[in-house]
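Just below is one structure, and these are the notes that go with it.
What you see below is based on every heavy atom in this structure, not just the backbone, and it leaves out hydrogens, waters and symmetry mates. Every chain is numbered from 1 and lettered A, B, ... according to where its sequence line falls, protein lines coming before strand lines.
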There are 2 protein chains.
Amino acid sequence: MEKLKLDDLQLKVMQVLWREGEVGVSGIQEQLKAKEDRELAITTLNTVLQRLYKRGIVNYRKEGRQYIYRAEVTEKETQSSMASSLIDKLFKGKSSVLVNHLLESSAFDQDELEDLKRKIAAAQQKKKDNE
Amino acid sequence: MEKLKLDDLQLKVMQVLWREGEVGVSGIQEQLKAKEDRELAITTLNTVLQRLYKRGIVNYRKEGRQYIYRAEVTEKETQSSMASSLIDKLFKGKSSVLVNHLLESSAFDQDELEDLKRKIAAAQQKKKDNE
DNA sequence: GCTTTAATACTACAAGTGTAGTAGTTTTGT
DNA sequence: ACAAAACTACTACACTTGTAGTATTAAAGC
């Protein structure tokens with residue numbers, strides 16, 4: 001797993017691809033306008049996509065003379081990669097340090113806490129089963 | 001709370017400041033060499049510090065003709081800011097989505113899970129007390 | 001068939017970052 | 001007192017990102 005780093009706009013674009021599967025550039029433009037409220041020139045998106053393509057993060061097929069792009073990394077991979085990068089850089093490399101920080105800053109409401117408790121129990125169970 | 005974004009090298013430098021409180025540039029250089037194994041030219045660090053200063057992230061006092069820098073943002077602030085930025089961008093704005101993701105990718109060992117359970121219980125208690 | 005329209009290719013440019021060199025000025029060592 | 005060392009100031013340069021303009025070419029409308 002190489003380090004995958006996506007900046008803001010790149011992420012927005014990737015999110016469209018993750019949602020849609022395959023999209024042409026103008027489709028991406030529409031989606032961004034609709035869901036993210038970002039009005040970007042087509043040429044801007046073209047540039048972004050081309051750069052992502054050079055890095056192997058997206059790929060495309062041609063349909064007529066249109067480029068239909070698709071993501072080459074999954075959302076989960078990206079989440080893992082970027083989360084662990086943050087954890088490494090700022091939370092001593094330990095997820096638990098991050099979570100403690102979040103707990104301290106009251107980042108969760110009651111329902112979420114309850115839910116987490118359940119999920120943790122499940123994770124513990126799973127660990128036990130794997131032994 | 002403004003959005004605080006620190007890149008890799010900037011973070012490394014900030015980490016030294018957080019640890020040490022006040023340090024001169026050559027002190028920072030030594031610390032980075034010792035603890036991070038990064039050998040950087042003094043001028044590089046000077047540039048980085050000046051840029052951070054321009055952004056109001058560090059400040060300094062002069063001691064003789066030396067600049068003694070100190071952090072103007074705390075580590076916790078930075079952690080909060082960067083964590084929530086990641087959460088916003090990649091985890092639907094919900095800390096719990098992040099934590100779920102971490103749980104799914106088995107980012108915790110048994111001890112950590114146990115510890116989390118305790119901390120969550122404590123957080124729940126605290127929420128109750130605050131009512 | 002000829003004009004819009006749509007699409008890509010190529011170019012551009014300002015900011016920010018990583019990284020450091022050179023020049024100039026104190027301080028220090030001897 | 002002078003050379004060497006320590007510091008800061010200024011400059012530089014390549015790379016990445018955000019953002020888009022212009023040029024060219026192909027498709028579609030009428």
Worksheet item: Under a 4.5 Å cut-off applied to non-hydrogen side-chain atoms, are Thr74(A) and Gln79(A) in contact?
Response: no
Practice prompt. Please identify each residue that fulfils side-chain contact (heavy atoms from CB on, under 4.5 Å) with Ser84(A), with sequence neighbours left out.
Written response: none
Practice prompt. Check the distance between dT8(D)'s P and Glu63(B)'s CD and give it to me in whole angstrom.
Written response: 11 Å
Worksheet item: Nucleotide by nucleotide, 5' to 3', does protein get under 4.0 Å of the base (B), only the sugar-phosphate (S), or neither (-) in nucleotides 10-18 of chain C, counting heavy atoms?
Response: --B----BB
Every protein N/O lying under 3.5 Å from an N/O of nucleotides 26-29 of chain D:
from    : atom 1 : to       : atom 2 : distance (Å)
dA27(D) : O4'    : Arg65(A) : NH2    : 3.4

Discussion item. Filter on ring-ring contact (aromatic ring centres under 6.0 Å, His included), then keep only pairs touching residues 102-131 of chain B, sequence neighbours left out; what's left?
Written reply: none
Fill in: Between P of dA7(C) and CD of Gln50(A), the distance in whole Å
15 Å
Item to complete: Give every residue pair that meets the salt bridge (charged side-chain N to carboxylate O under 4.0 Å, His left out) criterion with at least one member in residues 84-97 of chain A, sequence neighbours excluded.
Response: Lys89(A)-Asp8(B)
Worksheet entry | Within residues 14-36 of chain B, residues whose heavy atoms come under 4.0 Å of DNA chain C | none
Worksheet entry | Electrostatic pair Asp115(B)-Arg118(B), nearest N-O below 4.0 angstrom | yes
Item to complete: Not counting sequence neighbours, which residues clear side-chain contact (heavy atoms from CB on, under 4.5 Å) with Lys33(B)? List them please.
Response: Glu39(B)
Discussion item. According to ring-ring contact (aromatic ring centres under 6.0 Å, His included), does anything in residues 69-95 of chain B pair up with another residue at least two apart or in another chain? List the pairs.
Written reply: Tyr60(B)-Tyr69(B), Phe91(B)-His101(B)
Worksheet entry | Qualifying residues under side-chain contact (heavy atoms from CB on, under 4.5 Å), relative to Ser26(A), sequence neighbours excluded | Ile42(A), Gln66(A)
Worksheet item: Could you give the CD1-to-P distance, from Ile42(B) to dG21(C), as a whole number of Å?
Response: 12 Å
Fill in: Separation of dA20(D) C1' from Leu45(A) CG (nearest whole Å)
11 Å
Worksheet item: Once you round it to whole Å, what is the distance between C1' of dA5(D) and CD of Gln66(B)?
Response: 13 Å
Fill in: Nearest-angstrom distance from the residue atom NZ of Lys62(A) to C1' of dA7(C)
9 Å
Worksheet item: Counting just side-chain N and O atoms, does Tyr60(A) come under 4.0 Å of either OP1 or OP2 of dT8(C)?
Response: no
Worksheet item: Just how far, in rounded Å, is P of dT19(C) from CG of Leu40(B)?
Response: 6 Å
Discussion item. Applying salt bridge (charged side-chain N to carboxylate O under 4.0 Å, His left out), can you list everything that pairs with Glu22(B), at least two apart in sequence or on another chain?
Written reply: Arg61(B), Arg70(B)
Discussion item. Nearest whole Å is fine: how far is dA9(D) C1' from Lys54(B) NZ?
Written reply: 11 Å
Worksheet item: Can you name the residues that form a salt bridge (charged side-chain N to carboxylate O under 4.0 Å, His left out) with Lys76(B), not counting sequence neighbours?
Response: Glu104(A)
Fill in: Results of side chain to side chain donor-acceptor pair (under 3.5 Å) for Glu20(A) - residues two or more places apart only
none
